[in-house]
Amino acid sequence: MYTAHPDRYADMPYRRSGRSGLRLPALSLGLWHNFGPDRPVETQRAILRRAFDLGVTHFDLANNYGPPPGAAESAFGEFLKADFARYRDELVISTKAGYLMWPGPYGEWGSRKYLLSSLDQSLRRMGLDYVDIFYSHRPDPDTPLEETMGALHSAVQQGKALYVGVSNYSAEQTREAARILGELRTPLLIHQPRYSMLDRRPETGGLLDALDELQVGSIVFSPLEQGLLTSRYLDGIPEDSRAASDSPFLNSDALTGDLVARLRALDEIAKGRGQTLAQMALAWVLRGGRVTSALVGASSARQIEDSVGALDRLDFEDAELARIDAVVNG
């Protein structure tokens, strides 16, 4: 039987999500692409156990994670029952709905019918009565935002979610979502945008400013830019890498000579800080406290350990930030 490490809360910093009472670990574990049937069960179990032993209390899922869709929630449900049932009240478990899950007109986007049906399915897969956070995974251009936010409100009213969030919403959409939820008296807890040293749209598009003004938390995905901001591609494309498989999320065409040169330059800055490139990339998104938590994926327990090592140094000198900007902006 798994017993969590007694000192699991000793070193992990926890940050309050906006103006709420909920604090999240600076690093959270995303179960996006490493918890399907193509991955060894013991490896999955080792990742979850090591994460929790290191103070990672937040596990982030979505209905379509796996692959195939639904597989990550089903796998997590088994691990929850076997290893983490007695720690349920120490965990923050989130899921999302928005992308395609089943055929027909009710299997994706942001209708009340889809969102609440999907949440019921997610709860069954995980063997839970409720999730801590339920997200609208993407805005629906054809459904009134009042309906989508009303469905999130209903999830809370029904006791199936404690908090609600949005993901992939623009600054303007987030402001409107927060307004609607405020009127319903179910506050918007958190936004999950994509953000990294190489993808700064939350800054340039005003999203981070909007979240500051609204006092809404943020948890960023792809802070390592699908593995680009690691040492993996500094010397070419490994045969077993995501880029080599021409994944829709990262393919070999993206690894241009110019990009590799920039990655190598960033790696040199990281070495000067006593960090790996991945650790510096995580520290960069967490710098200054504007981001509540950074989502990391992992294919091994060792990767979790390396990611947590980023928290040893989150401060940046102005000169370091300037050098990073110069490399990224070219």
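The first residue in the sequence is number 1, and the count goes up from there.
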Is it the case that more than 12 heavy atoms not belonging to Arg23 sit under 6.0 Å from its CZ atom? no
For Glu183 and Arg179, the nearest pair of non-hydrogen atoms, with its separation, is OE2-NH1, 2.8 Å
With a cut-off of 6.0 Å (strictly less than), are more than 12 heavy atoms of other residues, nucleotides or ligands near CG of Asp318? no
Less than 4.5 Å apart, any side-chain heavy atom of Pro193 and any of Arg201? no
Verify, without hydrogens or angle tests, whether Arg262 (side chain) and Leu266 (backbone) share a donor-acceptor contact under 3.5 angstrom. no
Would you check, one step at a time, whether the test side chain to side chain contact (heavy atoms under 4.5 Å, CB included) holds for Arg88 with Leu128? CA-CA 10 Å; Arg88 172 63 183 99; Leu128 292 171; 3.6 Å; yes
I need the minimum non-hydrogen distance between Ala281 and Pro223, along with the two atoms involved. CB-O, 3.9 Å
Minimum side-chain heavy-atom gap Asn64-Leu100 below 4.5 Å: no
Geometric cation-pi criterion, Arg323 with Phe316: 6.0 Å, 45°: no
Would you say the side-chain atoms of Arg15 pair up with the backbone N or O of Val291, donor to acceptor, closer than 3.5 Å? yes
Residue among Glu320, Glu317, Glu203 satisfying salt bridge (charged side-chain N to carboxylate O under 4.0 Å, His left out) with Arg287: Glu203
Does Ser74 form a side-chain hydrogen bond (donor to acceptor under 3.5 Å, both in side chains) with Glu78? I'd like the steps, not just the answer. CA-CA 7 Å; Ser74 295; Glu78 292 300 316; over 6 Å; no
Before accepting this row, confirm whether a basic side-chain N of the pair Glu268/Arg264 lies closer than 4.0 Å to the acidic partner's carboxylate O. no
Short N-O contact, Arg124 and Asp120, less than 4.0 angstrom: no
Side chains of Asn63 and Ser122: do they bring a donor and an acceptor to under 3.5 Å? no
Whether Lys160 side chain and Asp129 backbone form a donor-acceptor pair below 3.5 Å: no
Decide whether Leu208 and Leu198 are clustered together by the hydrophobic rule: side chain heavy atoms of Ile, Leu, Val, Met, Phe, Trp, Tyr closer than 4.5 Å, transitively. yes
Is there a donor-acceptor contact under 3.5 Å linking the side chains of Ser293 and Ser28? yes
State whether the side chain of Glu147 and the backbone N or O of Pro144 hold a donor-acceptor pair below 3.5 Å, judged by distance alone. no
Shared ILVMFWY cluster between Trp109 and Val164, side chains joined below 4.5 angstrom? no
One pair to check against side chain to side chain contact (heavy atoms under 4.5 Å, CB included): Asp11 and Leu311. What are the steps and the verdict? CA-CA 9 Å; Asp11 298 318; Leu311 304 177; over 6 Å; no
Group every Ile, Leu, Val, Met, Phe, Trp and Tyr by side-chain heavy-atom contacts under 4.5 Å, then state whether Ile304 and Tyr14 land in the same group. yes
Taken to the nearest 0.5 Å, the spacing of His137 NE2 from Tyr65 OH works out to 4.0 Å
Connected via hydrophobic side-chain network under 4.5 Å: Leu27 and Leu91: yes
Leu152 vs Val156, side chain to side chain contact (heavy atoms under 4.5 Å, CB included): CA-CA, chis, key distance, verdict: CA-CA 7 Å; Leu152 297 186; Val156 173; over 6 Å; no
Side chains of Gln121 and Ser117 only: does a donor on one sit below 3.5 Å from an acceptor on the other? no
Separation between OG (Ser218) and CD (Gln192), nearest 0.5 Å, reads 10.0 Å
Here the pair of heavy atoms bringing Glu225 nearest to Ser196 is OE1-OG, 2.6 Å
Indicate the ring-plane relationship of Phe52 and Tyr9, choosing parallel, tilted or perpendicular according to the 30° and 60° boundaries. perpendicular
Taking the side chain as C-beta and beyond, is there a heavy-atom pair between Glu90 and Thr57 under 4.5 Å? no
Would you give the length of the straight line joining atom CG of Asp199 to atom OG of Ser222, rounded to the nearest 0.5 angstrom? 8.5 Å
Are Tyr87 and Phe59 linked, directly or through intermediate hydrophobic residues, by side-chain heavy-atom contacts shorter than 4.5 Å (ILVMFWY only)? yes
List the steps, then state whether side chain to side chain contact (heavy atoms under 4.5 Å, CB included) holds for Leu123 with Val131. CA-CA 7 Å; Leu123 292 174; Val131 291; 3.8 Å; yes
Answer whether the closest heavy-atom distance between the side chains of Leu277 and Ser231 falls below 4.5 Å. no
Atom CD1 of Ile180 and atom OG1 of Thr186: how far apart are they, to the nearest 0.5 Å? 12.5 Å
Just by modelled atom types, is the His153 backbone N or O under 3.5 Å from a matching donor or acceptor in the Gln157 side chain? no
Backbone N/O of Arg313 and side chain of Gln275: donor-acceptor pair under 3.5 Å: yes
Scanning both residues in full, the closest heavy-atom pair of Pro139 with Ser167 reads CD-O, 4.0 Å
If we only count heavy atoms from C-beta on, is the Leu31 to Phe79 side-chain gap below 4.5 Å? no
Residues Glu108 and Arg138 bridged, charged N to O under 4.0 Å: yes
Arg50 (side chain) donor-acceptor with Ser300 (main chain) under 3.5 angstrom: no
Are any of the side-chain heavy atoms of Gln158 and Leu119 separated by less than 4.5 Å? no
If you round to the nearest 0.5 Å, how far is CG of Leu211 from CG of Leu207? 4.5 Å
Which of Arg290, Arg175, Arg19 passes salt bridge (charged side-chain N to carboxylate O under 4.0 Å, His left out) with Asp212? It is Arg290
Other members of the hydrophobic cluster containing Leu189, with the 4.5 Å side-chain heavy-atom rule, please. Leu22, Leu24, Val92, Tyr130, Ile133, Tyr135, Leu162, Tyr163, Ile190, Ile219, Phe221, Leu295
Has the side chain of Thr143 got a donor or acceptor atom that lies under 3.5 Å from a matching backbone atom of Gly110? no
Please determine whether salt bridge (Lys or Arg N to Asp or Glu O under 4.0 Å) holds for the pair Asp306 and Arg302, giving the CA-CA distance in whole Å, both sets of side-chain angles, and the decisive distance to 0.1 Å. CA-CA 6 Å; Asp306 184 72; Arg302 176 61 185 159; 5.2 Å; no
On a heavy-atom basis, the closest approach of Gly297 and Gln303 is O-OE1, 4.3 Å
Does the Arg49 side chain pair with the main chain of Asp83, one donor and one acceptor, at a distance under 3.5 Å? no
So do the side chains of Glu172 and Glu176 get within less than 4.5 Å of each other, counting heavy atoms only? no
For Pro69 versus Met101, what's the shortest heavy-atom pair and its separation? CB-SD, 3.6 Å
What is the distance from atom CG of Asn34 to atom CD of Gln44, rounded to the nearest 0.5 Å? 8.0 Å
Just so I know, are the side chains of Asn168 and Tyr99 near enough to count as touching, which here means a heavy-atom distance under 4.5 Å? yes
Do other residues, nucleotides or ligands put more than 12 heavy atoms under 6.0 Å from the OH atom of Tyr2? yes
Evaluate the ring planes of Tyr169 and His191, with Trp represented by its six-membered ring, and classify them as parallel (under 30°), tilted (30 to 60°) or perpendicular (over 60°). perpendicular
